[in-house]
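Okay, structure first, notes after.
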Amino acid sequence: MSQTEKQKKEQKAAMKRLRQERKQKIKDIAATVKTQKEAVKAIKEQLQNHGGTVPQIARETGISADKVLWYIAALKKYGEISEAEKDGGYFRYILSEGSPEEIFNGQPDGSQDTK
Amino acid sequence: MTDKKTDKETIPAKGKVGVYICYCGGNISDHVEVEKVRESMEKIPGVEVARTDMFMCSDPGQEMIMQDLKSGTVDRVVVASCAPSLHETTFRSAISRAGANPYIYEHANIREQVSWVHHGDQATDKAIRLVAAATAKAEGLKPLEPIRMEARQHVTVIGGGIAGLRTAKDLADCGVAVALIEKSPFLGGQIAQLERLAPTGDPAADIVTELAGEVLGDPGITVHTCSLVETFNGYVGNFTLGVKKRPPDTDCEKLSSLNPSGRTPGEFIPFKGFYPESVAARAEELSIETGVVVLATGFKSYTPRRGEYGYAEFPEVITLPELIRIMAENKTTDNCLEINGRQVRSMAMIHCVGSRQIPGIHPEDESGNFNEYCSRTCCSATLDTAGTIRQSYPGTRIFELYRDIRTYGRGQEELYEQAAKNKVVFLRFEADESPEVIRSNDHDDFPLRVKVKDVLTFGEEVEVPVDLVVLATGMEPNNVSELVDMMKLPVGPDRFLLEVHPKLRPVELPVGGILLAGTCQAPMDVGEACSAAAAAAVKAAVLLGRGYVELDPFVAEVDLEKCRGTGACVEACLNEGALNLVEMEVDGEMVQRAQVTSALCWGCGACVAVCSENAIDINGWTLKQYEAMVDIIVADEATA
Amino acid sequence: MYSPRDMIDIIAANVRKTRNPFGMPKFLCNRWWQDASMPAEGDALLFTGLMYQFVPYIEKSTRYLEQFEDTPWADYVRYAKYVPNYLAGMGLALLTPAKEKKRFNAILQNITKILAKSKVDFFYRSELDEYSGILLYDLGDQESFVRHAEFVAAKLKRAGVKTLITVDPHTTYALKVLYPKYTGQSFEVKTYFELVNFTSNNGYKRVTLHDPCFYGRYLELSDVPTKVLANLGIECVPVRNSGLFTSCCGGPAESISPKLSKEVLHRRTEELQSAGAPIIAMCPICLGHLEKSGAQVEDLSSLIARCAA
Amino acid sequence: MALVNPNFAEEMERFGADAALECFNCGTCAAICPLIYEHFPRKMIRYLQLGAKDRIMENASELWRCLHCGLCTQTCPREADPGEIILGLKRFAVANWRRS
Amino acid sequence: MAIQGKEGKILILATETCAYPGADSVGQAHSSYPTNTYILRVRSPVMFPEQFYLDCFAKGISGIIIMSCGEECPYEGAYHALAKRVDRVYQLMKAQELDIRRLRLTAICTVCNRAFLKEVNQMNEVVGELGPP
Amino acid sequence: MDAILELDFDALIVGGGIAGLQAALDLADQDYQVAVVEKDTSIGGKMIRLSKVFPTLDCSSCITTPKMAAAAHHENITIFTYCDLKSLESEGLVLTASITQRPRYVNPDKCIGCRLCEYHCPVYVADKEEGGFSARKAAYIPFSNAIPQIALIDVENCMLCGKCAKVCPTQAVDYFQEPENFTIRAKTAVLATGFELTPVENKQQYGNGEIPNVITSLQMERLLAPHGPYNRVLRPSDGMEPDAVAFIQCAGSRDKSMGISYCSRVCCMYAIKQAMLLSGSLPLADITVYYMDIRAFGKGYEQFYQNAKAMGIEFVKGKVATIDAGANDSVTLRYEDQNGEGVTSANHDMVALSLGMIPGWNPEGTCPVSTAADRFIQTIRPKIAPTRTDMEGVFVAGAAAGPKDIVDTITEAGAAAMEAAKYMTAMETARKAVA
């Protein structure tokens with residue numbers, strides 16, 4: 001038991017060292033992630049009620065249209081957004097029904113090992 | 001579930017099924033209540049055990065299955081996990097390692113097709129039904145063995161051109177015995193009609209001499225010139241070819257004019273080919289037992305119609321192959337090229353003659369055919385010839401009339417550029433506005449004029465005064481209709497032989513054991529033909545390498561007790577020869593019954609659908625199994 | 001469009017007679033050096049090729065030509081060679097405002113300041129400073145060009161000149177590339193900005209460089225001014241077409257078709273202005289021409305000279 | 001159009017335009033030319049390739065549209081040096097006029 | 001929350017070379033579709049006789065989608081034989097007064113996610129409209 | 001330092017694209033032991049990234065995955081992905097390859113491809129597999145049909161938050177992985193190192209890749225793929241469904257001004273194919289192909305081209321000289337209309353550059369095999385034995401020896417396998433003769 005605890009401790013210390021080594025990079029990425037989270041939140045808020053097209057969302061959120069499309073493509077890939085009907089030359093996007101929140105937030109249940 | 005019970009009675013080997021359900025570390029278990037699935041499976045009669053694991057594909061997971069097999073607890077296995085494409089082979093090989101037959105296995109896909117697309121109770125319900133259905137199918141599984149057929153370590157190559165020679169030599173180098181059958185008295189095929197190969201400039205004679213020499217020097221290769229295949233029987237690994245050996249009359253004439261007695265076997269005769277052996281005085285017939293047949297029947301050069309660009313009307317209009325030959329036979333050191341005794345101060349070369357024909361624009365040939373394809377090699381050949389002429393005979397001006405210059409290959413764009421540097425003038429025409437070759441006025445200095453609406457000159461009509469017009473003729477497949485009928489070869493709309501799939505199986509024909517090499521398949525240059533020939537050789541080597549051919553066991557099987565010999569299945573069969581009616585004795589009576597030739601059966605099931613007696617089925621994928629699965633799907637209770 | 005044949009004849013005749021394309025005596029147009037004090041002996045000859053000096057006259061004559069292009073009057077231009085006072089020579093010289101001449105003279109004076117600040121051992125002698133003949137070459141009058149070039153090259157050789165410092169791209173190209181090819185005489189040719197050898201940081205923060213075709217493409221020199229300016233703390237904003245792919249300003253077309261040249265000018269100025277920084281020219285033709293668009297344009301030498309101060 | 005004259009291209013070498021036949025008529029020079037004028041300069045190059053001397057002389061004035069900016073030569077995918085060909089044609093035209 | 005399937009079960013016969021991996025691709029993209037869909041892997045749907053389809057409807061299957069390889073079928077001639085058979089099934093369905101929209105022949109490739117979903121949703125609408133057979 | 005792992009095989013295949021896989025299969029089926037070394041995270045090469053293939057228009061994934069799976073499951077084939085070839089040299093009759101396994105930061109033996117790490121990773125990164133049009137995570141599985149389906153962590157974009165390690169059901173995440181070197185010894189090798197697209201930066205007049213809605217041909221493939229970034233064709237600047245799309249041929253070939261004088265052989269056909277697919281998904285859109293010569297030379301290609309014309313796709317003869325940004329995110333082209341009035345411009349909503357091929361690998365400093373002036377690997381007998389290089393026992397297949405379409409690549413891969421098999425047979429015969 002103490003052996004594994006010791007390993008855990010060592011592991012933690014090694015992780016700390018690694019984080020220290022990459023400090024600057026981690027800082028930069030964290031800043032990017034913050035922007036991304038804000039953008040995703042803004043886009044999703046726009047979609048919350050009635051959905052919208054890329055130019056509409058870009059106008060409302062102030063995020064450039066190409067970036068909005070990029071986030072939508074990504075969120076669509078992870079099942080959070082779906083495409084709705086066409087509106088002029090553009091498609092509208094809406095939040096997915098039954099957005100697979102659990103996939104993203106749920107923890108895998110590792111306790112059910114039945115062997 | 002009464003239906004299922006009846007089914008069971010008809011299946012002799014009643015299975016003891018083991019069901020193994022995977023959590024996939026939450027991937028499945030987050031949406032499907034795996035334990036509930038297990039409980040449901042345990043209730044199904046015939047299911048001996050149902051177990052779960054965090055990762056069934058892991059070593060402990062596989063070990064669990066193997067233990068149950070080894071202990072005799074189960075003799076059918078169902079794994080419910082991810083898509084079969086990922087782990088079906090994993091579990092089959094685990095079953096083999098446990099000493100069981102790998103085909104007693106059925107896979108239920110509850111990740112990609114359940115937990116990743118459905119959520120909540122319904123996901124679990126669907127998983128239960130799918131696993132139960134797989135179980136129902138598994139009960140009907142029986143052990144299968146791959147179909148193994150002895151294969152003769154022998155390949156027959158039909159065609160002694162560059163592709164045939166390449167295939168023969170490659171296979172011989174791998175230790176496979178080869179018979180090479182060539183209908184003419186010469187080896188080398190169409191390359192013998194060339195002087196040099198574009199764009200490398202290799203002398204054609206050297207290439208033929210080198211490869212033919214290697215082939216003739218190889219004790220593993222038997223060369224039969226003046227030979228034609230007359231009969232064909234058998235299937236992959238076991239073909240029999242009847243070959244008749246005698247030069248056709250025209251060849252006999254050609255030969256005598258060459259004075260064969262004065263020729264040494266092993267000599268290259270320009271514009272004829274490599275002359276390997278003296279020709280037998282009288283006809284001989286032989287039978288060749290072979291495992292694989294490679295077709296390398298090549299192409300022939302397009303012959304322009306009378307009047308096409310003035311061909312056969314004006315003596316000053318010739319084809320590119322004719323020009324090459326005349327140039328080779330009359331080498332001069334003059335400032336101007338000389339053709340048939342006339343100085344050529346100016347010549348036009350017209351591209352795409354007999355290629356890229358468009359219905360409605362170009363006339364069809366007497367059999368109603370169009371050559372809609374691009375012949376691939378003529379652009380380079382024309383540019384190369386033009387370059388050679390401009391360098392050897394600077395007094396000869398050259399005009400090339402083209403639709404698109406297609407110097408696609410390595411070193412070919414350089415040929416185009418070199419021709420331009422050598423001051424060849426290019427004119428471009430549209431398909432529907434082909435150039436016209438006309439006789440000049442009497443007082444004109446040049447005998448012919450070529451009139452063309454030149455796209456490069458803003459559609460203006462341009463006239464080129466010339467002493468000679470050369471037509472860059474394309475390729476047409478050799479007439480192999482006899483082989484096509486005999487061997488049931490598929491032919492494409494372009495009349496070349498048609499491969500199974502240009503990318504998945506580019507040198508194979510649907511007829512097992514028959515391969516394609518070179519220009520019988522499509523226009524190719526020498527390098528490409530050699531590549532295709534080597535690719536055909538490697539496929540032959542793979543087929544024969546083990547001494548036997550192993551095929552999937554998923555083929556049709558006839559239940560002779562039910563078969564009434566109606567022949568409906570034979571009619572429905574998509575691969576001719578795979579199903580036949582044969583005479584056999586049943587209860588002392590001679591009757592007709594269907595018989596499957598496993599080597600030829602694709603296992604598609606076209607026969608299954610048409611048998612009114614349900615007497616034929618596909619091993620591993622029977623109709624009854626599907627019916628059993630449907631029963632489970634429609635049942636009121638998932639596991640009723 | 002004017003008949004090129006007539007224009008060539010006028011220009012060739014002018015060069016033959018006066019050694020410059022406008023047919024005016026050199027003492028009239030080349031006067032900038034009189035106010036500058038420069039050594040008459042040294043390592044390298046400052047060779048202006050008179051291009052900056054010509055610009056005010058070109059501008060003047062173009063304005064006349066513009067009025068007549070595509071009018072029946074255009075035909076009269078062919079008689080210009082017989083009426084030297086109208087569009088060429090003395091008349092043109094007198095018609096051109098002194099203010100303009102002064103401005104272009106200042107550019108040359110700035111260049112001498114830059115050379116001095118860079119401690120370049122140079123000298124100037126007005127009698128050795130000749131027109132290069134480049135226009136004849138561009139117009140295809142090869143015969144007249146070679147004849148003139150041989151005259152200039154011989155003169156320089158006689159004076160023992162080995163190294164030339166040039167101030168404009170056309171003269172640079174002529175002396176560096178064409179003279180060796182067509183007269184057999186070679187000189188070491190450097191443009192003045194290749195010799196800038198000081199740093200500073202009191203210029204504009206950002207500028208838009210217009211690469212002249214000869215510097216950008218023919219002589220592949222466009223990275224030199226960029227580096228010089230960087231050393232002076234000035235950033236050059238990227239232009240869509242620059243360096244090897246720079247766009248012509250339309251200036252050289254003025255003598256043939258002022259209309260055409262305006263069209264080209266308009267497009268190029270839009271491209272340069274889109275960056276939003278002041279435009280810097282480094283060729284007298286470009287400078288004179290770009291200014292006509294109404295954009296703010298300054299000669300590279302003025303910018304560098306200001307930094308040198 | 002009259003008959004082609006294959007000798008013209010060689011005649012032109014005297015005026016310094018020896019790469020005209022290397023042009024494969026892609027049209028880059030015409031489209032990149034700052035003058036944006038019909039088919040210029042490819043049209044002139046094409047006439048040279050075919051030896052349409054009269055066409056060139058008829059339209060000779062057009063040659064002086066060329067500003068000698070060199071962009072066509074820089075971007076020519078075949079390195080056929082269109083700028084130099086036009087300059088050569090200018091020289092040819094000037095020589096022709098002088099002779100007449 | 002999963003998308004609720006309308007009443008009635010849909011049987012999907014998916015070829016092992018094209019449509020079955022195509023359905024897996026939909027799974028990989030986590031695109032939900034109704035649960036009333038039962039995908040059976042087949043080598044070639046040409047093996048099913050006319051009666052099979054009729055039996056399925058008789059047993060209570062509300063809709064059948066045959067997801068084939070179309071012209072890319074690895075068995076030369078099978079697709080055409082299949083298409084002919086489906087025509088005959090339509091005739092028989094009409095005779096039994098079964099709405100022929102309950103049976104659909106289509107081609108789905110290994111990455112045809114959108115086409116797959118479209119087919120499933122369309123059949124669901126049909127089945128929803130028609131009710132059990 | 002541990003002793004470097006040494007592995008023995010009969011044949012080494014460098015590159016796990018379609019050429020490498022076909023050569024590997026053709027050798028493995030003859031019972032040779034084959035190693036495939038692939039630099040990427042998945043095998044399948046460029047082909048698995050395509051939408052459909054010409055001229056049959058069958059789905060690229062559908063014909064690539066069977067070969068990928070066959071190779072991955074073959075008992076005689078061992079695949080090494082995410083590996084760099086450091087050197088390949090011959091010592092006597094043995095070829096020795098030094099290889100570095102780049103760290104995936106995920107233990108491949110433990111990873112089960114469940115993608116939980118990907119779902120939980122908080123960092124979005126532009127997904128180059130989707131032409132940058134969509135995002136993946138910093139912990140991710142390369143793409144849906146990748147083989148192997150094993151996750152990796154992109155350290156350049158990882159902030160070591162530890163989420164992936166926490167959710168991984170098999171404890172496969174290992175932030176401390178280091179590159180590992182190992183050696184493969186083989187009797188013969190096939191170089192199947194493929195191609196890359198001509199960089200867009202090579203042609204300044206085409207905007208250096210900075211003009212919105214000017215995309216590369218591989219990006220167009222992704223837009224057309226049914227499982228692509230938008231699942232349909234939209235223009236990337238704002239998601240509009242384009243009404244006018246142009247293809248610019250020879251955007252990276254036959255152009256000495258950009259240093260590539262050769263024809264890239266596939267661009268005409270892939271552009272025609274893309275145009276056809278586009279017109280299928282956007283039937284009302286105007287589609288234009290700007291070209292110099294249409295090189296539809298292969299089997300069925302010319303007919304394919306004529307079909308495209310018949311479908312209403314417009315073919316304009318002339319090389320586009322410049323590309324610029326137009327109004328409202330459109331793209332403006334300038335070209336000489338050779339049949340019309342001359343120089344003109346055209347506006348399109350989206351423009352695809354039909355880029356050419358450049359070699360995917362430069363052997364210099366790694367392997368003493370020669371390259372030709374075009375920088376592709378030199379073949380010494382291009383006519384009679386097209387896959388032979390000047391290094392004994394080393395053969396070349398596919399685009400590594402010059403631009404090539406898929407059909408020719410697969411055929412040539414078979415030919416290279418044949419040469420390799422012959423070489424090994426000869427070695428064996430010689431060995432027996434000595435013994």
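Worth saying up front: this structure is predicted, and the values here are computed from it rather than measured. Chain naming here is simple, since letters A, B, ... match the order of the sequence lines and numbering starts at 1 in each.
Both the backbone and the side chain of E/R41 come within contact range of chain B, judged by heavy atoms closer than 4.5 Å. The part of B/L130 that comes within reach of chain E is its side chain, from C-beta onward, which places non-hydrogen atoms under 4.5 angstrom from that chain. Within the 4.5 angstrom heavy-atom criterion, only backbone atoms of B/T622 (N, CA, C, O) approach chain E. There is no contact between E/S25 and chain B, counting heavy-atom distances below 4.5 Å. Both the backbone and the side chain of E/I61 come within less than 4.5 Å of a heavy atom in chain B.
The number of heavy-atom neighbours closer than 6.0 Å to CD of E/E16, taken from other residues, nucleotides and ligands shown, is above 12. Atom CD of E/Q96 is surrounded by more than 12 heavy atoms from other residues, nucleotides or ligands within 6.0 Å. When the shell of 6.0 Å around CD of B/E576 is examined, it contains 12 or fewer heavy atoms from other residues, nucleotides or ligands. No more than 12 heavy-atom neighbours from other residues, nucleotides or ligands sit within 6.0 angstrom of OH on B/Y235. Counting non-hydrogen atoms of neighbouring residues, nucleotides and ligands closer than 6.0 angstrom, the NZ atom of E/K118 reaches no more than 12 such neighbours.
Heavy-atom minimum distance, B/A606 versus E/R85: O-NH2, 4.3 Å. E/S31 and B/V117 get closest at one heavy-atom pair: O-CG1, 3.2 Å. Taking every heavy atom of both residues into account, E/F52 and B/Y626 meet most closely at CE1-CB, 4.1 Å. When all heavy atoms of B/A83 and E/D24 are compared, the pair lying nearest together is CB-OD2, 3.1 Å. For the residue pair E/K9 and B/A635, the shortest heavy atom distance occurs at NZ-O, 3.7 Å. Minimum heavy-atom separation, E/T35 to B/Q122: OG1-OE1, 3.2 Å.
Using a distance-only test at 3.5 Å, with no hydrogens or angles considered, no donor-acceptor pair links the side chain of B/H118 to the main chain of E/S32. Within the 3.5 Å criterion, the main-chain N or O of B/W602 finds a donor-acceptor partner in the side chain of E/R43.
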Which is it for E/M47 and B/L623 under the side chain to side chain contact (heavy atoms under 4.5 Å, CB included) test, yes or no, and what are the steps along the way?
CA-CA 8 Å; E/M47 77 172 282; B/L623 193 53; 4.2 Å; yes
Apply side chain to side chain contact (heavy atoms under 4.5 Å, CB included) to the pair B/K137 and E/L40, showing each step before the final yes or no.
CA-CA 11 Å; B/K137 185 180 177 196; E/L40 297 186; over 6 Å; no
Could you go through the side chain to side chain contact (heavy atoms under 4.5 Å, CB included) check for E/V26 and B/E112 one step at a time?
CA-CA 8 Å; E/V26 174; B/E112 278 80 351; over 6 Å; no
Carefully, step by step, assess E/Y20 and B/N109 under the rule side chain to side chain contact (heavy atoms under 4.5 Å, CB included).
CA-CA 10 Å; E/Y20 194 87; B/N109 179 350; 3.1 Å; yes
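Chosen from B/A609, B/C611, B/C607, the residue pairing most often with chain E at heavy-atom distances under 4.5 Å is B/A609. Of the listed residues (B/G620, B/G603, B/S85), the greatest number of heavy-atom pairs within a distance under 4.5 Å of chain E belongs to B/G603. Ranking B/D121, B/V630, B/V114 against chain E, the residue ahead of the rest is B/V630, based on heavy-atom pairs under 4.5 Å. If you tally non-hydrogen atom pairs under 4.5 Å between each of E/P21, E/A23, E/G60 and chain B, the highest count goes to E/A23. Counting heavy-atom pairs closer than 4.5 Å to chain E, the top-ranked of the candidates B/P490, B/A133, B/A134, B/P84 is B/P84.
At a threshold of 4.5 Å between non-hydrogen side-chain atoms, the residues E/T37 and B/K126 count as touching.
Rounding to the nearest 0.5 Å places CD1 of B/I633 at 7.0 Å from OH of E/Y38. For the atom pair CD of E/E76 and CG of B/L498, the computed distance is 7.5 Å after rounding to the nearest 0.5 Å.
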